[in-house]
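Below: the structure, in structure tokens.
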Amino acid sequence: MPWIVGVSGASGTPYAAAVLRALLAAGESVDLVVSRASRLTLLDETGISFRDAHWQHDLREWLARGADGKPGTFDPDVSGVRHWSAGDLAAGPSSGSYPTKGMLIVPASTACVAGVALGLSKDLLQRTASVTLKERRRLVVAVRETPLDGRTLRHLVALDDAGASVVPASPAFYAGATHIQDLVDFVAGRVLDAAGVGHGLYRRWRGDLGGARPTT
């Protein structure tokens with residue numbers, strides 16, 4: 001069964017790329033939903049136009065880039081990905097009878113959070129998240145926004161009450177980050193931790209103070 005990865009319009013497309021690469025590296029299959037708003041963000045952050053008719057080429061180009069935007073940093077194999085158009089409300093993941101392991105929304109905009117919390121199902125991403133919740137499957141929401149107002153906080157509490165895991169895109173520094181990719185990978189790793197997917201994206205805390213300090 002696949003994991004569904006939903007990419008919403010918040011800034012943070014490198015987080016989504018890192019999660020996708022790690023899922024594929026772990027041998028997981030992925031159903032991908034890229035919202036209309038996220039395509040604008042992807043174009044702004046990477047210069048890549050994500051097109052339904054050429055999604056494999058565009059996805060491969062996207063996943064090959066490092067968090068610093070450098071092309072050719074990775075050599076992704078996207079054969080394990082199935083793409084569904086965000087406007088296709090008849091797609092497989094729109095139904096609870098379509099078997100999946102769960103869904104990861106990364107990054108999740110505040111608009112996406114509100115839509116899922118309120119059950120709006122305005123597009124396939126929101127509809128799939130609603131299905132994931134009603135089927136009691138794992139839903140991980142990597143919210144990427146600051147500051148958070150009271151409405152969004154209430155929406156996040158509602159998602160938590162519904163069984164979702166809320167994972168703010170907040171990099172930590174105890175893992176010894178020396179590059180922007182390390183910070184991105186930490187967040188991606190915490191998303192995968194919440195989903196129960198194994199990975200080696202960051203150095204875990206072992207109780208040794210000073211472990212993140214550079215050696216001289």
Side-chain angles (χ1 to χ4, degrees), residues 2-26 28-94 98 100 102-116 120-132 139-145 169 180-181 184-185 187-188 191-192 195 201:
W3 284 98
I4 300 172
V5 175
V7 186
S8 80
S11 176
T13 54
Y15 293 130
V19 166
L20 287 165
R21 285 192 300 265
L23 284 172
L24 296 172
E28 302 283 354
S29 57
V30 173
D31 279 18
L32 178 63
V33 181
V34 181
S35 76
R36 291 179 62 186
S38 70
R39 298 177 193 220
L40 296 176
T41 307
L42 182 64
L43 180 63
D44 181 57
E45 294 184 344
T46 69
I48 296 171
S49 296
F50 192 91
R51 303 158 295 176
D52 287 342
H54 305 281
W55 70 267
Q56 286 178 310
H57 172 273
D58 298 337
L59 178 63
R60 191 177 297 109
E61 183 181 359
W62 175 24
L63 299 191
R65 289 177 182 256
D68 58 0
K70 183 179 178 181
T73 301
F74 301 97
D75 184 20
D77 178 4
V78 301
S79 61
V81 179
R82 182 173 185 178
H83 169 256
W84 299 93
S85 174
D88 184 5
L89 292 178
S94 69
Y98 184 84
T100 73
M103 182 177 187
L104 317 176
I105 305 178
V106 53
S109 66
T110 54
C112 174
V113 166
V116 176
L120 298 182
S121 297
K122 74 169 188 176
D123 62 8
L124 180 61
L125 194 158
Q126 292 184 11
R127 169 60 184 169
T128 301
S130 295
V131 167
T132 301
L139 175 64
V140 182
V141 180
V143 61
R144 213 306 308 164
E145 188 59 87
I180 187 174
Q181 188 68 54
V184 168
D185 285 348
V187 172
V191 170
L192 294 172
L201 288 177

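This chain uses plain numbering: 1 for the first residue, then up along the sequence.
You'll find the side chain of V7 reaches within 4.5 Å of the side chain of P107, heavy atoms only. In this structure, L104 and L23 have side chains that are in contact, with non-hydrogen atoms separated by less than 4.5 Å. Here the side chains of R39 and D52 are in contact, with some heavy-atom distance below 4.5 Å. Residues L24 and V30 meet the side-chain proximity criterion, which asks for heavy atoms closer than 4.5 Å. Using a 4.5 Å heavy-atom cutoff, the side chains of M103 and V33 are not in contact. Within the 4.5 Å cutoff, the side chain of V141 has no heavy atoms near those of the V116 side chain. Annotation: side chain of F50 is in contact with side chain of L32 (closest heavy-atom distance under 4.5 Å). Between D123 and S35, some side-chain heavy-atom pair lies under the 4.5 Å cut-off.
Interatomic distance, OG1 of T13 versus CZ of R144, reported as 11.0 Å (0.5 Å rounding). Distance check: W55 CH2 to S85 OG gives 12.5 Å after rounding to the nearest 0.5 Å. Atom CD1 of I180 sits about 10.5 Å away from atom CG of D185, to the nearest 0.5 Å. Atom OG1 of T128 sits about 5.0 Å away from atom CD1 of I4, to the nearest 0.5 Å. Once rounded to the nearest 0.5 Å, the distance linking CG of L40 with CD of E45 reads 11.0 Å. For the atom pair OG1 (T100) and CH2 (W3), the distance works out to 8.0 Å, reported to the nearest 0.5 Å.
For the pair L43 and S49, the tightest heavy-atom approach, listed with the atom from each and the gap, is CD1-OG, 3.6 Å. The two residues S109 and S8 have their closest heavy-atom pair at N-OG, 2.8 Å. In terms of heavy-atom proximity, G66 sits nearest to T73 at N-OG1, 3.4 Å. The heavy-atom pair separating T41 from A10 by the smallest distance is CG2-O, 3.5 Å. Pairing each heavy atom of Y98 with each of G92, the nearest pair is CB-O, 3.0 Å. For the residue pair A129 and L139, the shortest heavy atom distance occurs at O-CD2, 4.3 Å.
A cation-pi arrangement, defined by a distance under 6.0 Å to the six-membered ring centre and an angle within 45 degrees of its axis, is present between R21 and F74.
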Query raised in the report: Run the side-chain contact (heavy atoms from CB on, under 4.5 Å) check on S94 and V131 step by step: do they pass?
Result: CA-CA 7 Å; S94 69; V131 167; 5.7 Å; no
**Report entry** Derivation and outcome, side-chain contact (heavy atoms from CB on, under 4.5 Å), residues E145 and V113
**Finding:** CA-CA 11 Å; E145 188 59 87; V113 166; over 6 Å; no
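Judged by distance alone, with hydrogens and angles left aside, the side-chain atoms of D58 form a donor-acceptor pair with the main-chain N or O of R51 at under 3.5 Å.
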